[in-house]
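This report concerns only the one structure given below.
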Amino acid sequence: MPSAPQNAPARLDTGADDRSVAMVDAVREWFRDAGRDLPWRGRSTPWGVLVSEVMLQQTPVVRVEPVWHAWMERWPTPADLAAATQADAIRAWGRLGYPRRAKRLWECAVAIVERHDGSVPSDLEQLRALPGVGDYTAAAVVSFAFHGRALVLDTNVRRVIGRAWRGEPLPAAHQTVGERAHALSLVPADDAGAAEWAVASMELGALVCTARVARCDACPLASSCAWFQAGCPGLEDAPRRTQPWHGTDRQVRGRIMALLRAASSPLNISGHAALADVEPGQLDRCLDGLLADGLATRDEATGRCSL
Ligand code: SF4
């Protein structure tokens with residue numbers, strides 16, 4: 001049972017019509033029974049919520065959970081992480097992918113210590129000003145950590161709103177002003193209600209109304225969903241933004257980072273046997289990228305690299 005705010009359903013004073021009010025309330029009610037009891041929900045600190053949001057940006061829950069536990073045990077506060085090295089953070093990131101996030105999270109911890117005395121701020125603008133914290137993450141922290149009213153619009157929420165309200169199979173690549181305004185009009189006016197809608201709509205998109213499968217028979221919106229009522233048209237024609245993986249620069253960067261994380265001394269990446277199958281131009285490009293991003297360093301005298 002999730003521990004989001006359990007207040008009575010709030011009436012909206014945001015311009016939403018009665019149908020929208022009923023749909024929002026239905027999703028909130030569904031969540032109280034069906035939402036997952038994830039460790040960063042309700043019983044974590046604002047720092048724990050912030051760490052979870054950064055980890056979850058591009059990595060599924062099942063892979064994040066063990067790393068999040070280990071991370072929070074080792075660095076339970078921003079000050080603890082700020083006292084570690086950037087290389088420690090990148091090493092602890094393990095195989096979550098997109099290790100730039102580890103670097104930014106470490107920089108974020110340092111900034112929280114310097115600017116906010118070690119406490120994660122609850123103000124949207126102060127959050128947005130932190131390294132690696134964009135609109136979505138700032139709103140998520142306001143909502144999930146401080147139970148404030150914010151527009152939390154990730155891809156899951158966009159998909160649910162797009163299907164249920166507008167009959168669209170999948171969200172467009174980029175948010176529009178109109179889409180954000182519509183989503184904002186659905187957010188309950190009270191803080192606790194808004195926070196519950198945020199986590200509930202996200203959960204519905206993660207568990208029921210997924211990109212690949214819509215489990216409409218288990219959905220609290222089935223009777224009012226525009227897309228379901230229209231017969232779920234257009235999904236097969238919708239462009240899918242799946243990214244290739246094998247042989248990509250992203251995969252090669254990941255392989256280099258795995259070697260550097262495991263190494264006890266600096267490595268010769270260009271001549272490493274484990275990377276012999278990578279075309280030299282691609283290997284150089286990927287290594288240069290990691291060096292430019294500050295995720296790896298190279299001793300210019302020896303040419304050897306480390307975190
Ligand atoms: S009824 Fe189906 S398509 Fe509509 S929101 Fe629910 S799961 Fe998604």
Side-chain angles (χ1 to χ4, degrees), residues 1-2 4-6 9-12 14-38 41 53 56-62 136 139-140 143-144 149-189 192-242:
M1 171 78 70
Q6 300 286 304
R11 295 300 95 195
L12 307 180
T14 58
D17 55 26
D18 288 350
R19 169 176 168 267
S20 294
V21 171
M23 290 166 75
V24 166
D25 287 351
V27 174
R28 292 173 58 188
E29 198 176 324
W30 165 85
F31 176 77
R32 291 174 204 148
D33 281 337
R36 290 167 295 179
D37 187 16
L38 299 175
R41 277 187 186 157
E53 284 303 326
L56 288 164
Q57 275 163 18
Q58 282 138 321
T59 312
V61 166
V62 65
Y136 165 76
S143 180
F144 303 150
R149 186 172 190 269
L151 177 59
V152 182
L153 198 54
D154 81 337
T155 185
N156 286 321
V157 180
R158 293 181 68 210
R159 188 170 55 253
V160 168
I161 293 175
R163 285 178 178 170
W165 270 266
R166 298 192 298 271
E168 300 164 357
L170 289 173
H174 302 290
Q175 296 178 18
T176 63
V177 172
E179 181 188 358
R180 289 184 67 82
H182 177 225
L184 187 59
S185 77
L186 302 177
V187 178
E196 189 175 53
W197 162 244
V199 70
S201 54
M202 190 176 293
E203 191 76 333
L204 190 69
L207 297 183
V208 177
C209 191
T210 71
R212 290 187 180 281
V213 184
R215 300 184 180 87
C216 304
D217 53 345
C219 181
L221 298 180
S223 63
S224 48
C225 172
W227 192 59
F228 181 52
Q229 294 301 325
C232 305
L235 191 56
E236 56 289 344
D237 305 329
R240 299 213 171 245
R241 293 192 295 279
T242 50

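Each ligand, and each atom within it, is numbered from 1 in the order the structure gives.
Trp30 meets the side chain to side chain donor-acceptor pair (under 3.5 Å) test with no other residue; sequence neighbours excluded. Under the side chain to side chain donor-acceptor pair (under 3.5 Å) criterion, Gln175 pairs with Arg180, sequence neighbours left out. With sequence neighbours left out, Asn156 forms a side chain to side chain donor-acceptor pair (under 3.5 Å) with Arg159.
From Leu207, atom CG reaches atom CZ of Arg215 across 8.0 Å, with rounding to the nearest 0.5 Å.
Partner Asp25 forms a side-chain contact (heavy atoms from CB on, under 4.5 Å) with one of Glu29, Arg28, Met23 and no other, that one being Arg28.
Between the side chains of Gln57 and Tyr136, no donor-acceptor pair is found at a separation under 3.5 Å.
The distance cut-off of 2.8 Å around atom 2 (Fe) of ligand 1 captures these protein N, O or S atoms, sorted by chain and number: Cys216 SG.
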